[in-house]
Every structure is written in C-alpha cells, then in structure tokens.
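Take a look at the structure below.
Indexing begins at 1, ligand by ligand and atom by atom, following the structure's order. Side-chain atoms are counted along with the backbone in the values below, which use heavy atoms only and exclude waters and symmetry mates.
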Amino acid sequence: MIPAEFDYVAPGSLDEALAALKDGGEDAKILAGGHSLIPLMKLRLAAPSLLVDLRRVEELRGVSRQNGTVTFGAMVRHHEVATGGFGVTSAAAATIADQQVRNMGTIGGTLAHGDPASDLPAILLATEGSVLLRGSGGEREVAAADFFEDYLTTVVAEDEILTEVRIPALDGYGYGYEKFNRRQEDWAMVAVSALVKKGGDGSCADVRVGLTHMGSTPLRATAVEEALRGQPLTADTIAAAAENAAEGTEPPADLNASPEYREHLARVLVRRALEAAS
Ligand SMILES: Cc1cc2nc3c(=O)[nH]c(=O)nc-3n(C[C@H](O)[C@H](O)[C@H](O)COP(=O)(O)OP(=O)(O)OC[C@H]3O[C@@H](n4cnc5c(N)ncnc54)[C@H](O)[C@@H]3O)c2cc1C
C-alpha cells in the first residue's frame, strides 16, 4: 500500500506544467484529483517517476458558457459540476462516489483516465462534447466519439494535458440519468444517460443515449436512438426502443454482475432514463 518512490512538482502555470511533463519523459504523469492515480500507485499498478500536480494551475479552473456550450476547465472538481445546474452532466456528477471524492476528483481527470465505469465519460459521448488537448506539438480539439480508445486508454498523448472540456448545453432537451449500484457511493454496475428533444407534435425529434460500464469504453446506444427517433413518445414506443439497449455492447463480468445481468440492467435503465427525459 506504499507507492514506489517518485519526484513531485506543482507548477504555477500551464506552460510550466507542459515543460515539466516533457522533461519528465514517458514515466512522468499528471496528478489532478489523485482519486484514481494514487490508489493505482499504492497498488503498484502505476509507478510514475515524476508527478506533475495541476492543483496550482489557475488557468485550468473555472466554468463558462458561450454559444450554447458549457466549457469546464480540466481541474473543475466533481462537486462544482454536480451543483452547477448543468443538466444531465450535473445529474451524473452528483452520483460519483461520496462528498470526499467529489471534492477532489476532477472532470479532466475522470475523462483522461478513461474508465468505462466512470459516470462522466458517457455524458461527454451522449452530449457530443469535445475536449481540448495541449502538448508540445500545439493544441487540438478532439470530439468525444474519437477520444476513448479502449479500457483506461484515451487519445491523450504522453506529453499532452487535457485543458478544457466542452459540453453542449442542449437547451430544449429533457434528460434522465439512471445509475444502478449496490451502495449509493459505489461505481455503476451500469448507468444510462438519455437526452430527448420533443418535436411540435410530441414526437421524438432527437434522442441521445449514453451507456456506462457496458464495454471497454463508454458507448452510445445507437440502436435505441434509431428505434425512437421520429416516433411518438409513448410508453410503448419507449419500451420497444429500450429493448435494443444491449445491441452492440460487450459488457464485462465482475463480482457484481454477469454480462447477461448488465444487458438486462441496460434495457431497464434505458427505459427509465428515456421516460424521465421525455
Ligand atoms: C472510493 C472511490 C469511489 C469512486 N467512485 C466513482 C464513481 O462512482 N463514479 C466515477 O465516475 N468515479 C468514481 N471515482 C473516481 C473519481 O471520480 C476520480 O476522481 C476520477 O476517476 C479521476 O479523476 P482525478 O481528478 O482524481 O484524476 P487523477 O487520479 O489525478 O488522474 C487520473 C489519470 O488521469 C490523468 N490525468 C488527470 N488529469 C489530467 C489532465 N488534465 N490531462 C491529462 N491527463 C490527466 C492522470 O495522469 C492519471 O493517469 C471514485 C474514486 C474513489 C477513490
């Protein structure tokens, strides 16, 4: 339970942090809230030679809203996201662990970590948001659909820092967030985010459904979306669409749930989330 020895720096600006990360080479790691990285270090599943702590980098804090998009600095903590009134994003952040974890964990950290059981990655996907990455080669914006590569693997390069998270506010969409776990502070066995826009005639003008812990990355339930788009939003059409929730997924098996049980959960939670969103 004691991490391997490492060096530590806490730069005061993004440029200094980028320089430290580059100098540290391939074994240097960013430290944000530390609530995923430190446990991994204690278990010796990660042994970085250098930690570049972002907590003093003011440029990475703050939330702003412009042209229908909410922009979060990477070091915005889960608590601020949960309590900021950001629709489905707040609803999901409010379910992360307990208050201590939400006080420390960051939106940038949870996305860069790329854990498919985490709550916010599927939100980025369902809202069709994006992230901004800065490295020695400059800055690039990566769409959510291109960001998550595999289990705990994203496109963030060794010398890059995730600096901003951009989430469309999707005004006019109803939303629902359903998370199933054994204890309130646990990770999701499965979680579902749903966003629904009603047309003038009450039909489904648009729908987005995100799935958490149904594969090695967060997923979109595209078969559900295709089944519901353009349909009247009734209990029957929602229930029928939700039956497609597990299509294209590869849910893992663990001590909490078999793949078959996760598929069942996905169908039930998608129906409930769509009902709430409608
Ligand atoms: C007991 C417990 C329960 C939890 N339950 C949940 C839960 O229910 N739902 C949930 O979603 N999460 C849960 N978490 C995880 C929590 O949300 C973490 O805060 C989150 O996964 C990682 O964010 P962090 O800021 O702590 O990142 P860190 O642990 O500091 O970093 C995680 C990884 O991302 C990299 N990284 C961090 N920031 C950046 C950046 N800006 N640019 C590039 N790379 C970066 C780090 O190098 C590291 O590899 C739980 C954690 C604990 C300890």
Distance, nearest 0.5 Å, that separates [atom1] of [X] from [atom2] of [Y]:
X    : Y    : atom1 : atom2 : result
E263 : E250 : CD    : CD    : 10.0 Å
N256 : R182 : CG    : CZ    : 5.0 Å
K179 : L265 : NZ    : CG    : 13.5 Å

Would you tell me which option among [options] has the nearest heavy-atom contact to [atom]?
atom                    : options                : answer
atom 34 (O) of ligand 1 : G109, G114, P121       : G109
atom 23 (O) of ligand 1 : D186, T154, T110       : T110
atom 25 (O) of ligand 1 : T106, V101, L60        : T106
atom 36 (N) of ligand 1 : A112, A191, A188, A117 : A112
atom 24 (P) of ligand 1 : G73, G33, P48          : G33

For this session: Just jot down the side-chain contact (heavy atoms from CB on, under 4.5 Å) partners of E149, sequence neighbours excluded, or say none.
Result: T153, V155

Does ligand 1 come near enough to [X] that some N or O of the ligand is less than 3.5 Å from an N or O of the residue?
X    : value
G108 : no
G34  : yes
L37  : yes
K29  : yes
A32  : yes
I30  : yes

Identify the protein heavy atom lying closest to [atom], giving its residue, its atom name and the separation to 0.1 Å.
atom                    : value
atom 19 (O) of ligand 1 : G105 CA, 3.1 Å
atom 43 (C) of ligand 1 : L162 N, 3.6 Å
atom 9 (N) of ligand 1  : D119 OD2, 2.7 Å
atom 33 (C) of ligand 1 : H113 ND1, 3.7 Å
atom 50 (C) of ligand 1 : W187 CZ2, 3.2 Å
atom 3 (C) of ligand 1  : A97 CB, 3.5 Å
atom 26 (O) of ligand 1 : H35 N, 2.8 Å
atom 21 (O) of ligand 1 : S36 OG, 2.7 Å

Problem set entry | Whether D115 lies under 4.0 Å from ligand 1, heavy atom | no

Exercise. Looking at ligand 1, does K179 have a heavy atom less than 4.0 Å from it?
Worked result: yes

Exercise. Of the options L14, L54, T163, D15, which is the one that meets E59 in a side chain to side chain contact (heavy atoms under 4.5 Å, CB included)?
Worked result: L14

Charged N to carboxylate O below 4.0 Å: is that the case for [X] and [Y]?
X    : Y    : answer
E275 : R272 : no
D254 : R262 : yes
R140 : E160 : yes

Exercise. For ligand 1, which atoms have a heavy atom of L54 less than 4.0 angstrom away?
Worked result: 41 (N)

Exercise. Is S118 reaching over with its side chain to a backbone N or O of L120, donor-acceptor style, under 3.5 angstrom?
Worked result: no

Exercise. Does S90 use its side chain to pair, donor to acceptor, with the backbone of V81 at less than 3.5 Å?
Worked result: yes

Exercise. Heavy atom under 4.0 Å from ligand 1: found in H78's side chain, backbone, both, or neither?
Worked result: side chain

Exercise. Would you say the side chain of V101 lies within less than 4.5 Å of the side chain of E185, judging by non-hydrogen atoms?
Worked result: no

Exercise. Considering only heavy atoms from C-beta outward, does the side chain of F86 approach that of I167 to under 4.5 Å?
Worked result: no

For this session: Begin from the C-alpha positions of R61 and R77 and carry the test side chain to side chain contact (heavy atoms under 4.5 Å, CB included) through to its verdict.
Result: CA-CA 9 Å; R61 295 180 193 280; R77 312 270 176 187; 4.2 Å; yes

Enumerate, atom names and distances included, each donor-acceptor pair closer than 3.5 Å involving a side-chain atom of residues 189-202, sequence neighbours excluded.
unit_1: K198; atom_1: NZ; unit_2: S278; atom_2: O; d: 2.9
unit_1: D201; atom_1: OD1; unit_2: S203; atom_2: N; d: 3.0
unit_1: D201; atom_1: OD1; unit_2: S203; atom_2: OG; d: 2.7

